[in-house]
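All values below were derived from every heavy atom in this structure, side-chain atoms included, with hydrogens, water molecules and symmetry-related copies excluded. For ligands, and for the atoms within them, numbers begin at 1 and follow the listed sequence. Bear in mind the structure is a predicted one, so any value in this text is a computation, not a measurement.
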Amino acid sequence: MQIFSLCVSLPSCSSRMVLCALRQQVLRCSSHCRTWARLPQRQRSGCVYSSIHGFNQDEIKEKLQAFHGGSIDLLKQDSGIAVLTINNPSRMNAFSGSMMIDLEERVSQLENWPEGKGLIVQGAAETFCSGSDLNAVRAISNQQDGMKMCMFMQNALTRLLRLPLISVALVEGRALGGGAELTTACDFRLMEAGSVIQFDHKHMGLVPGWGGAARLVHLVGSQNALKLLGGAVKVDPELGVNIGLVDGVLEGHQKTEGAAPLLQQAENWLSRYTKGPAPVIQAVKKVVLSGRELPLSEALRTEKDIFGTVWGAPANLEALASKSKHK
Ligand SMILES: CC[C@@H](C(=O)O)C(=O)SCCNC(=O)CCNC(=O)[C@H](O)C(C)(C)COP(=O)(O)OP(=O)(O)OC[C@H]1O[C@@H](n2cnc3c(N)ncnc32)[C@H](O)[C@@H]1OP(=O)(O)O
């Protein structure tokens with residue numbers, strides 16, 4: 001609890017904010033979370049930006065709301081695997097302003113899903129996502145609004161990646177610009193044969209702003225990231241697998257006779273990692289998340305806290321009582 005108090009008393013330090021965010025994830029599972037739950041929502045959230053950084057979420061939401069069209073749809077299934085669909089087919093699933101707001105709301109819903117274990121992020125109508133809606137981008141092309149949109153999307157995508165769910169982006173068709181960035185906000189990426197991920201921001205006179213460059217460097221290393229961004233390289237499944245961006249290739253169900261629908265293939269792929277009780281799967285994600293984001297000594301302490309939530313818990317006791325061999 002001492003570390004939690006420290007995080008709260010020094011919120012302007014970004015590393016402490018990361019620590020706070022992760023601690024929050026830990027405590028959400030724990031029975032000791034009453035003190036934490038009394039803190040304001042913004043302080044408890046896994047956001048990168050808050051009022052301390054001059055970020056006013058309500059203000060940017062009002063602006064984004066003016067650019068409507070499309071939706072982000074969430075289906076929570078009894079299996080514990082949810083499906084999040086980027087749905088704006090007439091614009092190749094580009095993100096309108098209202099879809100950015102939708103995304104943030106869906107992430108909040110997923111943050112509060114105790115039964116959740118996995119998440120598949122897909123695009124509607126056989127393509128993934130073509131980034132920001134260029135009509136909205138044109139209308140908010142002044143620097144200040146661009147920064148606000150950037151902070152809003154970084155917050156939403158950081159919270160998406162920090163969900164206590166094992167997530168996978170299912171890439172069908174094209175993932176361009178912000179769509180390519182979205183794929184990096186998932187734990188894994190699966191590509192359909194023939195699909196493309198392209199960080200094509202350069203062609204728009206831009207660089208990634210939704211956190212996609214930082215996450216890409218973590219995924220593929222700075223050399224490969226520089227090549228992908230500098231060359232606006234079209235990453236096909238083979239290249240994606242070779243550089244470690246992509247975790248699996250799915251058969252195109254329309255081209256390959258007898259292949260299962262893509263979503264089904266993705267669910268099958270993910271289910272090997274989500275098999276088991278939700279608190280255990282969530283704990284698995286949390287220990288990896290803390291190892292990924294925190295300095296070693298803090299990651300170790302966080303791992304200890306997460307361990308404390310599963311040790312002696314029902315799944316552990318049941319396993320101790322019933323199994324001596326794991327095959
Ligand atoms: C901050 C911005 C940055 C970020 O978020 O970090 C970005 O994301 S910038 C956006 C990056 N995206 C792009 O550069 C993609 C732009 N679109 C294309 O290059 C092409 O449309 C396509 C996606 C390759 C598809 O080409 P094609 O198969 O030839 O179809 P169309 O071009 O006819 O597209 C169909 C329809 O969809 C509209 N569309 C596509 N992408 C967008 C978009 N990002 N925003 C708005 N609208 C988009 C396109 O205009 C067509 O509409 P109609 O003309 O009304 O038919």
*Asks:* Determine, counting only non-hydrogen atoms of the protein, whether one lies under 4.0 angstrom from atom 2 (C) of ligand 1.
*Replies:*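 So far as the 4.0 Å threshold goes, atom 2 (C) of ligand 1 is in reach of a protein heavy atom.
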*Asks:* Could you tell me, atom by atom, which parts of ligand 1 come under 4.0 Å of a heavy atom of Leu176?
*Replies:*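 With Leu176 as reference, the close atoms of ligand 1 come out as 15 (C), 23 (C), 24 (C).
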*Asks:* When you compare the side chain of Pro279 with that of Thr309, does any pair of heavy atoms fall below 4.5 Å?
*Replies:*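 Answer no - side chains too far apart.
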*Asks:* Quick check on Glu62: does its CD atom have over 12 non-hydrogen neighbours (other residues, nucleotides or ligands) under 6.0 Å away?
*Replies:*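 No - once you tally the heavy atoms of other residues, nucleotides and ligands closer than 6.0 Å, there are 12 at most.
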*Asks:* Can you find a protein heavy atom closer to atom 56 (O) of ligand 1 than 4.0 Å?
*Replies:*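 Looking at atom 56 (O) of ligand 1, one finds that no protein heavy atom lies closer than 4.0 Å.
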*Asks:* Could you tell me, atom by atom, which parts of ligand 1 come under 4.0 Å of a heavy atom of Trp210?
*Replies:*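 Those atoms are 5 (O).
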*Asks:* I'd like to check atom 17 (N) of ligand 1 in this structure: does the protein have a heavy atom lying under 4.0 Å from it?
*Replies:*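 No; the ligand atom in question lacks any protein heavy-atom contact below 4.0 Å.
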*Asks:* So does Asp187 pair up with Arg292, basic N to acidic O under 4.0 Å?
*Replies:*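 Yes.
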*Asks:* Quick test: of every protein heavy atom, which one is nearest to atom 35 (C) of ligand 1, and how far off is it to 0.1 Å?
*Replies:*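 Minimum-distance protein heavy atom for atom 35 (C) of ligand 1 reads Met92 CG, 3.8 Å.
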*Asks:* Surrounding NE2 of His203 (heavy atoms of other residues, nucleotides or ligands, distance under 6.0 Å), is the total greater than 12?
*Replies:*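 Enclosed: over 12 neighbouring heavy atoms sit under 6.0 Å from NE2 of His203.
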*Asks:* Checking a contact table here: which protein heavy atom is nearest atom 38 (C) of ligand 1, and how many Å away?
*Replies:*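 The protein heavy atom lying closest is Arg91 CA, 3.7 Å.
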*Asks:* For ligand 1, which atoms, with element, lie under 4.0 Å from some heavy atom of Glu181?
*Replies:*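 Those atoms are 4 (C), 6 (O).
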*Asks:* Have Asn87 and Thr85 got a donor and an acceptor in their side chains that come within less than 3.5 Å?
*Replies:*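 On atom types as modelled, these side chains do not qualify, holding no pair under 3.5 Å.
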*Asks:* Could you work out, for atom 11 (C) of ligand 1, the closest of Gly179, Ser130, Gly212 by heavy-atom distance?
*Replies:*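 It is Ser130 that holds the nearest heavy atom.
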*Asks:* How does Met153 reach ligand 1, by side chain, by backbone, by both or by neither, if only non-hydrogen atoms under 4.0 Å count?
*Replies:*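 The answer is neither; Met153 stays 4.0 Å or more away.
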*Asks:* Under a 4.5 Å cut-off applied to non-hydrogen side-chain atoms, are Phe152 and Leu64 in contact?
*Replies:*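 Touching, per the 4.5 Å side-chain cut-off.
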*Asks:* Might you check, step by step, whether the distance between atom 33 (O) of ligand 1 and some protein heavy atom is under 4.0 Å?
*Replies:*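 False for atom 33 (O) of ligand 1.
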*Asks:* Can you find a pair of side-chain heavy atoms, one from Leu250 and one from Leu170, that are under 4.5 Å apart?
*Replies:*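 The answer is yes; the side chains approach within 4.5 Å.
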*Asks:* Do Ser132 and ligand 1 have an N or O pair less than 3.5 Å apart?
*Replies:*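 There is such a contact, yes.
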*Asks:* Is the closest protein non-hydrogen atom to atom 6 (O) of ligand 1 under 4.0 Å?
*Replies:*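 Given the 4.0 Å limit, the answer for atom 6 (O) of ligand 1 is yes, a protein heavy atom qualifies.
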*Asks:* May I ask whether Ser90 has any heavy atom positioned less than 4.0 angstrom from an atom of ligand 1?
*Replies:*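 Right, Ser90 reaches ligand 1.
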*Asks:* Under 4.0 angstrom from atom 20 (C) of ligand 1, is there any protein heavy atom?
*Replies:*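 So far as the 4.0 Å threshold goes, atom 20 (C) of ligand 1 is out of reach of every protein heavy atom.
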*Asks:* Val168 versus Asp247: any side-chain heavy-atom pair under 4.5 Å?
*Replies:*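 Sidechains of Asp247 and Val168: no contact.
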*Asks:* Give the residue and atom name of whichever protein heavy atom lies nearest to atom 13 (C) of ligand 1, and the separation in Å to one decimal.
*Replies:*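 Of every protein heavy atom, Asp200 OD2, 3.6 Å lies nearest to atom 13 (C) of ligand 1.
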*Asks:* Step by step, work out the side chain to side chain donor-acceptor pair (under 3.5 Å) result for Asn268 and Gln264.
*Replies:* CA-CA 6 Å; Asn268 293 346; Gln264 187 60 57; 3.1 Å; yes
*Asks:* Look at atom 29 (O) of ligand 1 and say whether a protein heavy atom is found at less than 4.0 angstrom from it.
*Replies:*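 No, there is none.
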*Asks:* Is the shortest distance from atom 47 (N) of ligand 1 to a protein heavy atom below 4.0 Å?
*Replies:*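 Within 4.0 Å of atom 47 (N) of ligand 1, protein heavy atoms are found.
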*Asks:* For the residue pair Phe55 and Tyr49, does the interplanar ring angle fall in the parallel (under 30°), tilted (30 to 60°) or perpendicular (over 60°) class?
*Replies:*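 Phe55 vs Tyr49 ring planes: tilted.
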*Asks:* Using a strict cut-off of 4.0 Å, indicate which atoms of ligand 1 neighbour a heavy atom of Ala94.
*Replies:*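 What qualifies from ligand 1 is 43 (C), 44 (N), 45 (N).
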*Asks:* Going by the order shown, which atoms of ligand 1 are within less than 4.0 Å of some heavy atom of Arg174?
*Replies:*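 Selected atoms, number and element: 24 (C), 25 (C), 26 (O), 28 (O).
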*Asks:* For a quick check under 3.5 Å, do Arg301 and Ser290 share a side-chain donor-acceptor pair by atom type?
*Replies:*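 No.
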*Asks:* For Gly178 and ligand 1, does the shortest N/O to N/O distance drop below 3.5 Å?
*Replies:*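 Yes, there is a polar N/O contact under 3.5 Å.
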*Asks:* Is there side-chain contact between Val171 and Val246, with at least one heavy-atom pair below 4.5 Å?
*Replies:*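 No; the side chains remain at least 4.5 Å from each other.
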*Asks:* Regarding atom 9 (S) of ligand 1: of the candidates Leu134, Asn88, Asn93, which has the closest heavy atom?
*Replies:*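 Nearest option to atom 9 (S) of ligand 1, by heavy atoms: Leu134.
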*Asks:* Going by the order shown, which atoms of ligand 1 are within less than 4.0 Å of some heavy atom of Gly131?
*Replies:*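 This gives 8 (O) as the contact atoms.
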*Asks:* Check this for me, if you would: do Lys76 and Glu115 make a salt bridge, where the nitrogen-to-carboxylate-oxygen distance has to be below 4.0 angstrom?
*Replies:*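 No.
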*Asks:* Under a 4.5 Å cut-off applied to non-hydrogen side-chain atoms, are Leu157 and Thr184 in contact?
*Replies:*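 In short, these two side chains do not touch, never coming nearer than 4.5 Å.
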